[in-house]
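What follows is a set of notes on a single structure, which appears directly below.
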Number of protein chains: 2
Amino acid sequence: MTGPRVRAAAERLFARHGYAAVSMRQIAAEVGIGAGALYHYTPDKQALLRDMMRSHLDDLLSAWAQADPGGEAVARLDAFARFHIRFHLDRPDAVFIAYMELRSLEPETFAEIEALRKQYEAVPEAILLDGLQSGVMQVTDVKLGSMALIAMLTGVNTWYRDGGRLDRAAVEDVYARMALGMVGVQTVAV
Amino acid sequence: MTGPRVRAAAERLFARHGYAAVSMRQIAAEVGIGAGALYHYTPDKQALLRDMMRSHLDDLLSAWAQADPGGEAVARLDAFARFHIRFHLDRPDAVFIAYMELRSLEPETFAEIEALRKQYEAVPEAILLDGLQSGVMQVTDVKLGSMALIAMLTGVNTWYRDGGRLDRAAVEDVYARMALGMVGVQTVAV
DNA sequence: GTCTATAGGGGGATAGAC
DNA sequence: GTCTATCCCCCTATAGAC
């Protein structure tokens, strides 16, 4: 069971201090083994980062595949906004790493991770395109709308703390409404 | 004139590789001097980071003080969205560092920088509050609206490249419209 | 599967010559 | 104001004992 503990320690430390600032010795100390023993669980430090980013994005894509209600664009965008916030708030460390450590990846790995990210960006793009074509949404540019939406939703991770003024459900409500307004869908006041 | 070149080199390298990953020797090499000579221009590495973050946020606040048209909330939010995108696209390295290297700051410096960031977050908060009170905007939560707006606008820096499909003016138009829609202001189709 | 020891390389920062 | 030399520390990764 040491392997998963190594990955968990690496994830927490990378998120807190950054990949470059964390040493293999720190990770080993967190797990309670010597630095040399780490190399039974990973070929090197880079592989730790690569594997956590890859599995994070794989999880994200398959979780949406499960959560996607399909159907009409407005309901689907509402579902997407709530899904994105929930999924990201559940994994703050993995999310932080996935967005901040792209530059720490070696080129081939970077390309692979970028491809997964683009797959996810295609999700709101498809919803917005559908909403535009069916006339229920007004969005000037589907790609920009998708990027704006993802940035807005992911931003929740930078300030949300459990036990704060609003709970997760309330945050979801507020953001889902803003997400719809952003693409021209007006909702009743809450 | 070596001081400014040191700061410029540090900014570029920190943005590209991260504070922790950049060595004083690399910065010196970029400037064309030896590592020892750097210490005539900065007391230490941390001061390079602190000064660039402080001056970036000072510039941001004073630039908005200049750009703020005042007056009615809808026009002011439109101006804010355009200002934010323009200011941030002009300084991608400084912006990246200001958002990513907060964790590399020593505690007192972190508190000081956070205070400046909160001052800036108060700008859209005030606009949204005004728009809410005058009835021209519908936003469920002023604080969340402000955070969502800033995250959405800053997100442009992650994908915009000069020479791409849309120029800066077009991006401003699209985002200003989404920003208004987000807070319940419907605009005519573009 | 973990340890200790070590190879081989950099790191930040300082001292003193010029 | 810059250089070279250096202090002392830490790094990743490997080797070989247990």
Side-chain angles (χ1 to χ4, degrees), chain A residues 1-55 93 96-97 100-110 113, chain B residues 1-55 93 96-97 100-110 113:
Chain A
M1 322 301 97
T2 309
R5 291 181 53 227
V6 167
R7 287 186 281 280
E11 181 172 290
R12 191 169 48 250
L13 289 168
F14 288 170
R16 194 106 62 216
H17 308 291
Y19 175 77
V22 172
S23 71
M24 294 299 264
R25 283 174 171 82
Q26 276 177 274
I27 297 170
E30 188 95 349
V31 176
I33 60 177
L38 276 184
Y39 292 85
H40 286 287
Y41 304 100
T42 179
D44 53 30
K45 189 182 171 187
Q46 175 78 199
L48 283 174
L49 180 62
R50 176 179 59 235
D51 293 349
M52 73 181 65
M53 291 188 68
R54 193 147 46 193
S55 67
D93 287 346
F96 200 73
I97 292 166
M100 311 273 275
E101 299 294 356
L102 286 168
R103 64 184 171 194
S104 302
L105 292 173
E106 282 154 8
E108 307 106 46
T109 313
F110 177 81
I113 297 295
Chain B
M1 321 301 96
T2 310
R5 291 180 56 226
V6 168
R7 287 186 282 280
E11 180 172 290
R12 192 169 48 251
L13 289 168
F14 288 169
R16 195 105 64 215
H17 307 291
Y19 175 77
V22 173
S23 71
M24 294 299 265
R25 283 171 173 83
Q26 274 177 276
I27 297 170
E30 188 95 349
V31 176
I33 59 177
L38 276 184
Y39 292 85
H40 285 286
Y41 304 101
T42 179
D44 53 30
K45 190 181 172 187
Q46 175 77 200
L48 283 174
L49 180 61
R50 176 179 61 234
D51 293 350
M52 74 181 66
M53 293 188 66
R54 193 148 44 192
S55 68
D93 288 345
F96 200 73
I97 292 166
M100 312 272 275
E101 299 295 356
L102 286 169
R103 64 185 170 193
S104 302
L105 293 174
E106 282 153 8
E108 306 107 46
T109 314
F110 177 82
I113 298 295

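Since this is a predicted model, take the numbers as computed values, not measurements. Just so we're on the same page: letters track the sequence lines, and every chain starts at 1.
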(request) Enter the distance from B:Arg16:CZ to B:Glu11:CD here, rounded to the nearest 0.5 Å. (result) 11.0 Å
(message) What is the separation between atom NE2 on B:His17 and atom P on C:dG10, rounded to the nearest whole Å?
(response) 15 Å
Output one line per pair: protein atom, nucleotide atom from nucleotides 12-18 of chain C, and distance, for all N/O pairs under 3.5 Å.
unit_1, atom_1, unit_2, atom_2, d
C:dG12, OP1, B:Val22, O, 3.4
C:dG12, OP1, B:Met24, N, 3.1
C:dG12, OP1, B:Lys45, NZ, 3.4
C:dG12, OP2, B:Met24, N, 2.7
C:dG12, N7, B:Arg25, NH1, 2.9
C:dG12, O6, B:Arg25, NH2, 3.2
C:dA13, OP2, B:Tyr39, OH, 3.0
C:dA13, OP2, B:Lys45, N, 3.1

(request) Give the rounded distance in Å between these two atoms: CG of A:Leu48 and C1' of D:dA13. (result) 13 Å
(request) For B:Ala29, enumerate each residue passing the side chain to side chain contact (heavy atoms under 4.5 Å, CB included) test, keeping only those at least two apart in sequence or located in another chain. (result) none
(message) Taking A:Glu30 first and then A:Arg5, would you say they form a salt bridge - that is, a charged N and a carboxylate O separated by under 4.0 Å?
(response) no
(message) Please report the interatomic distance CG(B:Leu49) to CD(B:Gln46), rounded to the nearest 0.5 Å.
(response) 5.5 Å
(request) List for me each residue that meets side chain to side chain contact (heavy atoms under 4.5 Å, CB included) alongside A:Met100, sequence neighbours excluded, and say none if there are none. (result) A:Phe96, B:Met100
